[in-house]
Each structure stands twice: as structure tokens, then as C-alpha cells.
Amino acid sequence: MEDDSAAPSVASDLPLDTPTDDEESDQLASDMDDDDYYTRARGETCLPSSRIQNIVKAHGALGSLALSREAMFVLSVATEEFIGRLALQGSLNVTRQARHSFEYWDMATAVHDGAEFSFLMDTIPLPVTAQEAMELREERRKELIANDPALLESTNHLPLNGTTTSTVTKPKAKSKPNGKEKASKNANASAGGGRTKSSQSSSLRWDTAGGSNGQSASAPIASTSVSASSTRGSRGEAGWSRWAAEGTPFPVDPRLNGLLANANAHTAQTLAALNGLRSGDPAAVSSLLANPYQRTTLWTSTSASTTNSRGASDNTTPTSERPSSSLTTENPGRTIYSEPKPPPAALSVSSLLNLTTMTQTSNLPIINIAPYLRPANTPEELSARKAVSDALHGASLRFGFFYLDISAYVDASVPEELTSLARTFFHLPQETKDEISLTKQDNARGYQRLKQNVTNGKADNHEGLDMYRPVEHPDKTKPLWGENQFPDVPGFRKKYEDWIEKMKALGLIVMEAMAVGLGLTPDEWTELRAQVDDSFWVMRAIGYPPLPGDHDGFSCGAHKDYGCLTFLYADPTPSALQVFLQQPGTTNGASESQGLPAEQGDVEGVWINADPIPGCVVCNIGEMWEIWTNGLYKSTLHRVVHRSSNYRVSIPFFFEPNFDAMVKPLAAANRILGNSAPEAKPVCYGDFLMGKVGQIRQLKCRGPFSRF
Ligand SMILES: O=C(O)CCC(=O)C(=O)O
Ligand SMILES: [Fe+2]
């Protein structure tokens, strides 16, 4: 054993009296069984000083300097902390996939999801599919040959499609800290184009070791290869494309390695199946989809192929690229994926992190807006639209919440990038963020500190950045009438402004689809459209640190959105957003001091999770829809309880009526309700909004839209 087992060491023992490697591993093995958890006692660390010293030396950080005991100790403690956090972040992915083992892929996802780990992007890149790796390698081969035709002879023998295993060298299971130098030579040789057979062999490590299941054995191979070829500090670089360019090994998803392990016989079949899967061939689909791991892997990989330069995670795989047979239609217009539902996240995350969240898994409908994005010239297209509208109507009646599948409308990488930009902003020092504080403008536009927002009288455990529709003659002394403030984060403003345009357009599309669902005539729709065609929208970026156990409140307290439609994109954190479904006779603790607004009374119901679904935004209807429909559609309470260890980011876009819109019950709603329904009071949206601001001022809350 060379480097990764260790016995607890005591600071005062440092640095000379640590046991030898063998003693350490023996001690570790005997001291701790699988069920023992290591708890660090004060003044102790579980990493031996010799290891720390070796690592520090190997990085050349020490030179001739001596490392003090204290420095060594804090390095060790910090390392423990780091391992713990990275593992927790990775475990979110395990939970999300409802799996029981922690794999290479989870680590890669953790690195690509959590900005704090972005420096590891080169070291633990996202896997690509075998097929993609092969295509990339083939491209690289052609390039090399074009540059040096003499290579043709030797490369013809290369197992470029992964079908030959004989030349492959199995890497050592463990590498010395300084083992990377040796590997780098291979990587450099490849990068320089002077590929010898042996360097090419080493580049095929990924598809051979690991036997038929390939999972555990292959992961370290990928990671070993990566660190061998990675360039430290090139964090923004595209993982796999750089690999392709350098001709170095691709980190192929370990589970695919399993498929390829018995390569000669199986690769052709596997590739055919992969191709079949992509093209929706039912036989290929059923053969590969029999194993849920493979299925998840393939989607992930598809995502990687379209969005890898930003390190896309599995949770953002465009749904349009899913195997078509994974879709079934239940009830007209309600498209529900037949893939396993997101895991029972509240429960599993809770047990994982020893938390209690009384929620059940989301069962909200998924509605694909695609038919409204294309012309409706044929009866089929018209009926597809009708189905969407019916589904929207049903979801608005029953839940006030639904998933809107917008994968045909935006590439998943776009909102991912926006959350990442927001994360970058939130990670800036407090004083930098305060430079664009909303107090510097109209108390609404700009940055709002952690706990500044108050809901139901309690501080919310989040920070935020608000942008509003710009106004013609800004005057920051007037509520809401100032100017937007953008962070000094490269690309932030442009990317957000582009997204806002997309969401505004989406707002109108969904409004039209809902109007049809509610039964508006074309003329009535024209009238309604005129109330929302210059939306006084709000774009928010919200940052949620984990909710401390002793916080008197929530990440975001229970509230209804007060406008028209909310399109919420959030990072893949599960078990954060919860929706309150009224169910007389049922409660999972919702009404017992669960922070429901006072006016809600003793209502019975359940909190369900609305975890992110790839390709979708969570959409909910605001209070204006309650007025338009005279109470037929309900704006539903929701809240955020984010207890996982990561920093969660969400970016809701609030599509609101025009500032001067007079919102009143629509005739179409009254046709459904009959004459007996009491008429809801009309409101001018701008006044309503200003009323919210006024309330907040009276209560001296600093948040612009504290919710009551
Ligand atoms: O962050 C979330 O998931 C929800 C935020 C929200 O409900 C709001 O800002 O109105
Ligand atoms: Fe909300």
C-alpha cells in the first residue's frame, strides 16, 4: 500500500513518529470496521503526517522550507474537511439516482455541480460514452495522420474502437504521489503527436481493466489517467474536448467500460445498441435499458456530448435526446417519463444526512410545451396543442404547479451556465456583493444579503439578486423605479439578459396555451394578451447555503407567488423546493408549526418535493391567475428547505402582467364556474405590486418582497 490508507495521528506526534505505511494500513484495518465512523477528536487528525508531507513536497510547495507541526496539522484537518465535502456533494448524485454505490461518476458530477470544486474539473472530468470517446479518438487519429502520413501504418494497428485488448497495459491500482510524472511523459508524448505503441496502449486503459462489471476498477483508471495528463489551473477548459485534442485517454463512464470489457465479441453489438438507442430502435432500447445504470449513463453521456464544455451534469440532459421509448403518454397532454421517478429524495437524503424532512416525492405533472413552439397547420398539430392546453388546465386546477418541459426550447446548458454565474457572484466577498446592494438603488433592484428577506415574519436563509423590467425614466428614489445592477462577473449581464428575453417569450407562449385550456375565445385571448405583452417581469438569482439546524425559519418560508407565472430553474439539489398540496384529512406535519402563513389557518395537506427534472423548469401560477379565474385556479404555497451540504442556486423568472394591467375575472372562468361564484376584486397589477413594497416598508423589512 502506498498512499491512501492511514491511521489516526496526533498533532503532538508530528512529524517523526508516524508508523510505516504497512503498519498504518494494518492499524486502520484492524481499528475500524466498515460500520465505524471516524470522528475527529480535538487536536487529532486521521491523516498521517508523512502522507501530508509527501503531498506537499510532491507539489513543490515546500522547497527547502520546514513544515511546522501546526501547519501540517491544519493541512491535514483541511484535507479531511475537503474529502468530507466532496463526498457529500457526490452523495447527492447517488441519492438522485437512487443507487447504493458511490462511483467515479458521482465524483465527476460533484465537481461539475459545485463551484467550490471547479479546480478539479481537469482531474475528475465528466465521463463520455465509449462511442463518443471513440469518435473523438478517431477524429484525432485522422488529424495526426493528416499531419504525418507516416503514422498511418502504425495507427492502423491501433485498437481505436476499443475492440482490441492485447496491447493494453493495466495500470497499477495505486500510484505514488510522484507517480504522475511518469504518466505525464506518456501524455506529453501523445500530445506532441509522437505516439508510440506504448503510449497508445496506455491511452486505452479505460476500456479494458475492470472485468465484466468494470465499475469499481475502471474509475480509478480514468482518474489516474486524467491526473496524468491534466494541466493544473486550466479550470475553464472543456474536459473531454481537450482530451480529444491531446489524444490522451478519455474518461469513459466506468459502467460503459463494463459493456466493453469483453471487447472483441461485444463491442460491435454494444455500439449497435448504443446507436439503436439513440435512434429509438425498440429492440436496442429494451436490451440496453434493462439495466437502469446503463440507461442513466447514456443520458448523462448525451448531455456531456452537448454541453460538456461547461461540465453538464446528468440532471440537465435534454429530454429531447432521451430514448423516445422512454416516453409514455398518460392522460391526453400529460407527458410523463416512464423512467424511474426521481428517487424518494426527501427520505433518502434525510437518512443519508441524518435529517428529518417530512415530505413525499413529487408527483406533479410534466407538460411538454413543444407543440406550441411549432406551427400548428395540421389537425395532428392542433390536437397536440389542445392536449398541452388541457394538461395545463388540469394542472392549474389541481396543483397550481407543474413541470414545464422546455427542452425543445432551450439548451439545458444555458440555465446551467446561469446558475454557475450566479454561484460565482454569490461566492464573491461580502463587500463586493454589497457594492450592488438593492439599498443603493430603489430597494428592489440589486443584491440582498443572507437573511434580509423575511417571510411570515422569519428571516429566510438565502441571499439574492433581483432584476426587474427596466423603466423609461429611472428614479431610484421611487420604489421599484431604479435601475438594475449587475455583478462584475464576466458574461453575467449578457447571459441573463438573453435568458430574460427567452423567458418573456415563453411567458406569452404558456399564457396562450393556458388561455386555450381555460376556454378563452380568440378575441378574449387578444384581450388577455394585452395585459401581459409588456410584462413587468422579475428575474431572481437565489443562493442558499445549507439551512442551519438552529435557524428559526426556512431557506425560503412558505409563500404564494403573487404574479402570473413563475419559471424556476434550479441546480440539481434534491429535497429543497417543497409544494404544499391541500389534502383534507392528511397531514405530514404541514400545519403544525410548519411555517404556514397565518391566514392559511389549520389547513391539512402534505408537503411534496418538487425536485429538478432534466429539461424542465418548475412552473407555478401566481395570485393574478387566481383573480383571472375567479378562484378556479389556485396559487399554491411553496417553500424551500435546503438542508443538504451544498450551496444551492435557483434562478426563478417571474412572468408578470404589465404594470398597468387591470386584472379581473375572465368571462371564460365564469363560464366554468357558473353565476354563483362571488366575483374576485379586480386589481391594477402595478398598484398591487407597490402595495407589496409598501407593506414591507411599513414593517421595516429590508427585503423588497418579503412574503406574508
Ligand atoms: O428557490 C426556489 O426553489 C424557490 C424560490 C421561490 O419560490 C421564490 O423566489 O418565489
Ligand atoms: Fe416562490
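Atoms within each ligand, like the ligands themselves, are counted from 1 in listed order. Worth saying up front: this structure is predicted, and the values here are computed from it rather than measured.
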Close-contact set for ligand 1 against Phe654 heavy atoms, below 4.0 Å:
8 (C), 9 (O), 10 (O)
Answer side chain, backbone, both or neither: which part of Leu568 comes under 4.0 Å from ligand 1, heavy atoms only.
side chain
Going by heavy-atom distance to atom 3 (O) of ligand 1, choose the closest among Arg648, His638, Gln578.
Arg648
Between Lys433 and Glu463 (salt bridge meaning N to carboxylate O under 4.0 Å), is one present in this structure?
yes
Cationic tip of Lys502 above Tyr409 ring, under 6.0 Å, 45° of axis:
yes
Please list, in number order, the atoms of ligand 1 under 4.0 Å from a heavy atom of Val640.
1 (O), 2 (C), 3 (O), 4 (C)
So does Glu497 pair up with Lys494, basic N to acidic O under 4.0 Å?
no
Counting from 1 in the order shown, the ligand 1 atoms closer than 4.0 Å to a non-hydrogen atom of Ser650 are 1 (O), 2 (C)
A student checking ligand 1 against Asp561 at a 4.0 Å heavy-atom cut-off should list atoms 10 (O)
For Phe425, give me all partners under ring pair (Phe, Tyr, Trp, His ring centres under 6.0 Å), at least two apart in sequence or on another chain.
Tyr447
Are any of the heavy atoms in Arg639 under 4.0 Å away from ligand 1?
no
Taking only residues at least two apart or on different chains, which pairs with a member in residues 479-489 satisfy side chain to side chain donor-acceptor pair (under 3.5 Å)?
Arg445-Asn484
Establish, for the pair Arg469 and Phe536, whether the NZ or CZ atom is under 6.0 angstrom from the six-membered ring centre and no further than 45 degrees off its axis.
no
Polar contact flag for Tyr544 and ligand 1 (N/O pairs, less than 3.5 Å):
yes
Atoms in ligand 1 with a heavy atom of Ile542 nearer than 4.0 Å:
5 (C), 9 (O)
Any salt bridge between Lys476 and Asp442, counting N to O under 4.0 Å?
no
To 10°, measure the NE2(His559)-the Fe ion (ligand 2)-OD1(Asp561) angle for me.
90°
